[in-house]
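First the structure, in the form of structure tokens, and then the observations on it.
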There are 2 protein chains.
Amino acid sequence: MEIVIDIEDPVPLFSQLVTQVKDAIQNGKLSPGDPLPSIRQLAIDLELNAKTVAKAYRLLERDSVIQTRGYRGTFVHPDARANSTVDLNAWVMDKLTDTVAAFREAGATDSEIRIAFGKVMNERIGGER
Amino acid sequence: MEIVIDIEDPVPLFSQLVTQVKDAIQNGKLSPGDPLPSIRQLAIDLELNAKTVAKAYRLLERDSVIQTRGYRGTFVHPDARANSTVDLNAWVMDKLTDTVAAFREAGATDSEIRIAFGKVMNERIGGER
DNA sequence: ATATGTACCATTACAACACATGGTACATAT
DNA sequence: ATATGTACCATGTGTTGTAATGGTACATAT
């Protein structure tokens with residue numbers, strides 16, 4: 001697995017890492033069950049902060065692309081191949097695109113939409129940790 | 001029509017103005033057809049920048065609460081009473097609240113939702129002025 | 001001891017955006 | 001001339017959120 005992080009790239013570092021892991025899985029360079037470097041080790045290799053790597057791993061696990069087994073390390077998820085194709089963000093984008101289009105059609109200003117969005121995102125419903 | 005703008009109020013000035021005009025209409029202090037002060041004049045009276053007043057007027061006209069007749073001035077819209085009840089922002093908020101809730105339920109991070117939103121808002125489809 | 005993922009404390013830098021301000025200019029019609 | 005709404009140029013301020021960094025600590029198990 002060769003991962004290259006470009007500090008100049010406007011794409012966030014953790015995001016580059018997520019993408020490259022998914023790519024490696026789709027290319028077959030990584031297979032289900034394969035072990036991944038530990039957060040700390042990978043941070044050293046890529047000259048990143050461990051937090052940054054941890055963030056990438058957290059997102060990858062949420063998408064069931066990798067699996068963390070506590071002290072045993074991190075491994076490629078059994079369904080990684082399928083799950084690294086499914087793009088949660090794409091689904092979110094599509095939904096949002098439609099919604100925003102409806103707003104604009106209704107005459108709402110981009111500014112108004114942004115403000116409404118900001119309010120919604122800050123509304124912590126009923127006790128979220 | 002008595003309008004009072006509070007500079008200390010965290011609510012934006014143009015927004016205070018919009019609200020107060022709508023209120024005046026619902027209270028009957030303003031009736032359909034009534035003339036409104038010119039942008040420049042109202043700016044002087046309220047000690048606001050003309051741009052700020054213009055912004056409020058623009059939004060009010062978009063909601064068909066007032067009507068601008070060019071050089072003839074600005075007047076309360078015939079359907080102002082009904083239209084000042086309809087709250088476009090409330091509708092936008094509701095829709096967005098549902099949409100965002102669905103995203104969160106799907107496991108999306110708030111950060112991801114924000115990023116997706118940012119992308120959607122910056123996508124200027126096909127030649128917008 | 002050593003290593004795993006994870007959780008908290010925190011700060012810094014940076015970008016995007018809203019709000020409000022100022023000035024100037026235009027076509028419109030009185 | 002005077003006034004209307006509107007459009008463009010622009011700047012400054014403050015807020016918000018992201019991204020990335022650092023340090024410390026924990027329970028887990030080898």
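Chain naming here is simple, since letters A, B, ... match the order of the sequence lines and numbering starts at 1 in each.
The distance from atom CG of B/N49 to atom C1' of C/dT24 is 13 Å, rounded to the nearest whole Å. As a whole-Å value, the separation of A/Q41 CD from C/dA3 P is 9 Å. Here C/dA15 presents its P atom at 19 Å from CZ of B/R114, a figure rounded to the nearest Å. The nearest whole Å value for the distance from the CD1 atom in B/I66 to the C1' atom in D/dG5 is 11 Å. Rounded to whole Å, the distance from NZ on A/K55 to C1' on D/dG17 is 11 Å. In this structure, A/H77 atom NE2 and C/dG5 atom P are separated by 17 Å, rounded to whole Å. In this entry the distance linking OH of A/Y57 with P of D/dA20 reads 16 Å, nearest Å. Going from atom CG of A/D9 over to atom P of D/dA20 covers 10 Å, rounded to whole Å.
A close approach under 4.0 Å does occur between a side-chain nitrogen or oxygen of A/T74 and OP1 or OP2 of C/dG5. OP1 or OP2 of D/dA19 sits under 4.0 Å from a side-chain N or O of B/S111. Put simply, A/T52 has a side-chain N or O that comes within less than 4.0 Å of OP1 or OP2 on D/dT21. At the phosphate of C/dC17, OP1 or OP2 sits under 4.0 Å from a side-chain N or O atom of B/N122.
Considering only the side chain of B/Y71, C/dT30 comes nearest among C/dT21, C/dT30, D/dT6. For B/I39, counting side-chain heavy atoms from C-beta on, the closest listed nucleotide (D/dA20, D/dG5, C/dT6) is D/dG5. When the nucleotides D/dT30, D/dA20, C/dG22 are ranked by their closest atom to the side chain of A/P12, D/dA20 comes out on top.
Remark: the backbone N or O of B/D6 is not paired with any side-chain donor or acceptor of B/D9 at under 3.5 angstrom. Looking at B/S15, its side chain never comes within 3.5 Å of a backbone N or O of B/V11 through a donor-acceptor pair.
Both B/E112 and B/G73 sit near DNA chain D, but only B/G73 has its closest nucleotide nearer the 5' end. Sequence order on DNA chain C of the closest nucleotides to B/F14 and A/S38 puts A/S38 first from the 5' end.
Counting non-hydrogen atoms under 4.0 angstrom, B/E61 reaches the backbone sugars and phosphates but no base. Using a 4.0 Å heavy-atom cutoff across all strands shown, A/R40 reaches at least one base atom of the nucleic acid.
Between B/F117 and A/F117, the angle of the ring planes stays under 30°, which puts this pair in the parallel group of the 30/60° scheme.
B/R104 pairs with exactly one of B/D110, B/T109, B/T99 by the side-chain hydrogen bond (donor to acceptor under 3.5 Å, both in side chains) rule, that one being B/D110.
Remark: A/D23 does not engage A/K29 in a salt bridge, criterion side-chain N to carboxylate O under 4.0 Å.
Both distances falling under 3.5 Å, in either a Watson-Crick or a G-U wobble arrangement, place C/dT21 opposite D/dA10. Under the Watson-Crick or G-U wobble criterion, with both distances below 3.5 Å, D/dT30 is paired with C/dA1.
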Residues A/E112, B/R62; criterion salt bridge (charged side-chain N to carboxylate O under 4.0 Å, His left out); working and verdict:
CA-CA 13 Å; A/E112 287 175 314; B/R62 185 205 56 188; 2.4 Å; yes
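Under 3.5 Å, the side chain of B/R69 and the base of D/dG5 form no donor-acceptor pair of N or O atoms. Side-chain to base pairing of A/R72 with C/dG5: no donor and acceptor N or O lie closer than 3.5 Å to each other.
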